[in-house]
Amino acid sequence: MSKDVAVADLDEAAARAELTRLAREIGRANAAYHGADAPEISDADYDALKRRNAEIEARFPHLKRTDSPSDQVGVAPAEGFEKVRHDVPMLSLGNAFTDEDVVDFMRGVRKFLGLAEDAPLDVTAEPKIDGLSLSLRYEGGRLVRAATRGDGTEGENVTANARTIADIPHALTGPAPEVLEVRGEVYMAHDDFAALNARQAAAGERTFANPRNAAAGSLRQLDPAVTAARPLRFFAYAWGAHSEPVAETQSGALARLAQLGFRVNPLTKTCPTTDDMLAHYRAIEAQRATLPYDIDGVVYKVDDLGLQRRLGYRSTTPRWAIAHKFPAQLAWTRLEAIDIQVGRTGALSPVARLHPVTVGGVVVSNATLHNEDYIAGRDASGNPIRGGKDIRVGDWVQVYRAGDVIPKVADVDLSKRPADAVPYVFPTACPECGSYAIREPGDAVRRCTGGLVCPAQAVEKLKHFVSRAAFDIDGLGAKIVEELYQDGWVREPADIFALEARYGPGNLTQLKNREGWGEKSAAKLFAAIDERRTIPLARLIFALGIRHVGEVVAATIARHYGTWEAFLAAMDAAEVGQGAAWEDLLNTDGVGAVIARALVTTVHQEAERASIDRLAAQLREIVPPQAQASDSPVAGKTVVFTGTLEKMTRAEAKARAEALGAKVAGSVSAKTDLVVAGPGAGSKAAKAAELGIETIDEDAWLALIGAA
Ligand code: IVH
């Protein structure tokens, strides 16, 4: 490191280049540290790199990278832990931000259940602990496994670490179900957090930005001795798999968990009305500052577990619970620069580089500015926002942070505007590839027209391709694909699958000889890539990175078309805005004209299509979606409900049918398999009779699905 230029002597361009180099070297050192067979740099050298990076950032705060190594705390990568599949998924919660949202939530619950607006309905309200969730599996009353949430379906086995947490019993106290998964939040108390950071700083080790990061970093330590030395705590609030019922109510279940030896949060209260819920929210909010741990809201849960079962789930969140978040936290600071980042779909996103400021306990130096209209002080329709004030470099701006979301610039103080500040001019060319950046009518976002030739788009597409919900290749994270892209080894997804043939054993240039790699790690990566040649259809569609096509839409499209071939054929046949294939695409649940257009135009785009075909050619098997609950008699059937249902609401009937793998349609056609007709059924029942489609009444339906 002797050849390094002193930080004080760096000019801006050199500093920028240095930060890029340091991010790469530190990233590589991190990867090497966690890959067992790779060479390591000494701790002292590692610390020197981090220190230099921090010094340059302190001198040029606006140059701080969004992936700055300073923001990365000591979290071990996923490869270090064995993966664990959750029998019962670990879901997240929907959010409410205002009292209105809570009122709407309760209205929705009552409507779904067919309850009158004023019918009594107990709901528990408890603090939302700001930590990380953990699932503890007990068999015969003994702790046998602890797993993190991960992506909700698959987490990491952290049993050895969990055993070091005093609040987690190794054996349950009192009679317990043979199998019981207890779920709750691991967190670090404020005092313990401060003491830990003081110890870390004194020892010259990295400190943590907030208690949640400290808890996560401490739980996910490869060495349980390190976890043991970190004071973690645990509140139980839920459960997963269980061999017999835990209780009949949420509040009863919490009492049971307490009997079994867990800490449950003492601020939990059962509220009979929405007013009581909101009053308890305020009571908890008032105590927030004096609580010894971080909370970020209040969780409401329908108390009756029978009603919870009826309410069921949307794709990733329960209908019977919601998180009421506390208002966002604010701070004022100087806007030092505006940088433009180019995303996967070519969107030019303005990023505010801020003089670092603490917002609710977290140091923020980057924030989003959304788009060019937002900077100019108007909304998408041209109406003024912030009273029409624009945002300029040099301005004194208000930064806003809520939960985990990216901080944003919310307001600007004109009284502090420097005299020489000039309006920001949004670029009309892509800063990465120089192509025109244009705005389509009605689009708030300016986009690079470079497509696959734009390196930023290509890299972001690749990062998306390997992300967790897409191909999720073990050992191939965003950093590594980016490096492989820079060096020309991987330019598009298909290249990932050609890596072994091109850079595996027997080739002149080999992955194992790259810095940060070794024989074992290269072989491991090739094996992980090969494993993903078998991929579920929904993941493949999501991985293509088509605009507007998120995980949920990809899954419904996969279910709608069933196979890759059928999907491609349908896209080939579809014409935007007309014809049977287009109509059929619009018939997919959740697919409107905007999504449909994005799908069709992408597949019709020649270069994109060629790249997709090259990818498909590398795959071994594209696994069709399983009809959910394929053993149910209605799985895969298209059902139409008509007339009045008496035993449940239309929404509940639809949710039930879908949970059993049926498709619920709004109108009767030749594709309908079954019509459920209640009293007052009119034209739909008549049409079913005309087409000879089986029609049954509500009781017969309930008997059919085993709910009578
Ligand atoms: S209930 C099916 N209760 O919040 C819902 N979650 O945003 C199960 N959390 O992943 C979660 N305190 O990590 C529940 N009292 C509480 C909670 C809580 C914190 C976390 C949990 C969950 C996240 C969802």
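Just so you know, ligand 1 is whichever comes first in the structure, and atom 1 is the first atom listed for that ligand. These values consider heavy atoms only, across backbone and side chains, with no hydrogens, waters or symmetry-generated copies.
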* **Nearest-option assignment for atom 3 (N) of ligand 1, heavy atoms, candidates Arg183, Lys325, Lys301** => Lys301
* Exceeds 12 heavy-atom contacts within 6.0 angstrom, atom CD of Glu248 -> no
* Asked: Do the side-chain N and O atoms of Asn161 and Thr164 include a donor-acceptor pair separated by under 3.5 angstrom?
  -> no
* Pair His324-Asn95, side-chain donor/acceptor within less than 3.5 Å -> no
* Using the side chain to side chain donor-acceptor pair (under 3.5 Å) rule, pick out the option among Asp303, Thr268, Thr124, Asp122 that qualifies with Ser251. => Asp303
* Looking only at distances, please establish whether an N/O atom of ligand 1 is found under 3.5 Å from an N/O atom of Leu132. => no
* **Nearest-contact summary for atom 12 (N) of ligand 1 - protein heavy atom, Å** => Ile129 N, 3.0 Å
* Do the side-chain N and O atoms of Arg149 and Ser133 include a donor-acceptor pair separated by under 3.5 angstrom? -> no
* To do: Flag Glu126 as yes when one of its N or O atoms lies below 3.5 Å from any N or O atom of ligand 1, and as no otherwise.
  => yes
* Structure fact -> atom 20 (C) of ligand 1 sits nearest the protein heavy atom Glu185 OE1, 3.5 Å
* Is it the case that Asn157 and Glu82 place a side-chain donor and acceptor less than 3.5 Å from each other? -> yes
* Asked: Do the two ring centres, one from Tyr293 and one from Phe235, sit under 6.0 Å apart?
  -> yes
* Please report which non-hydrogen protein atom sits nearest to atom 23 (C) of ligand 1, along with the residue it belongs to and the distance in Å to one decimal place. => Lys128 NZ, 4.0 Å
* Asked: Does NZ or CZ of Lys325 come closer than 6.0 Å to the centre of the six-membered ring of Phe97, within 45° of the ring's axis?
  -> no
* Structure fact -> Going by the 4.0 angstrom heavy-atom rule, the piece of Pro318 near ligand 1 is side chain
* To do: Check each heavy atom of Leu93 against ligand 1 and say whether those closer than 4.0 Å belong to the side chain, the backbone, both or neither.
  => both
* Is it the side chain (CB and beyond), the backbone, both or neither of Pro127 that lies under 4.0 Å from ligand 1, heavy atoms counted? -> backbone
* To do: Pull out every atom of ligand 1 sitting under 4.0 Å from any heavy atom of Ser133, numbered as shown with elements.
  => 10 (O), 13 (O)
* Distance from atom 22 (C) of ligand 1 to nearest protein heavy atom, with residue and atom -> Tyr237 OH, 4.2 Å
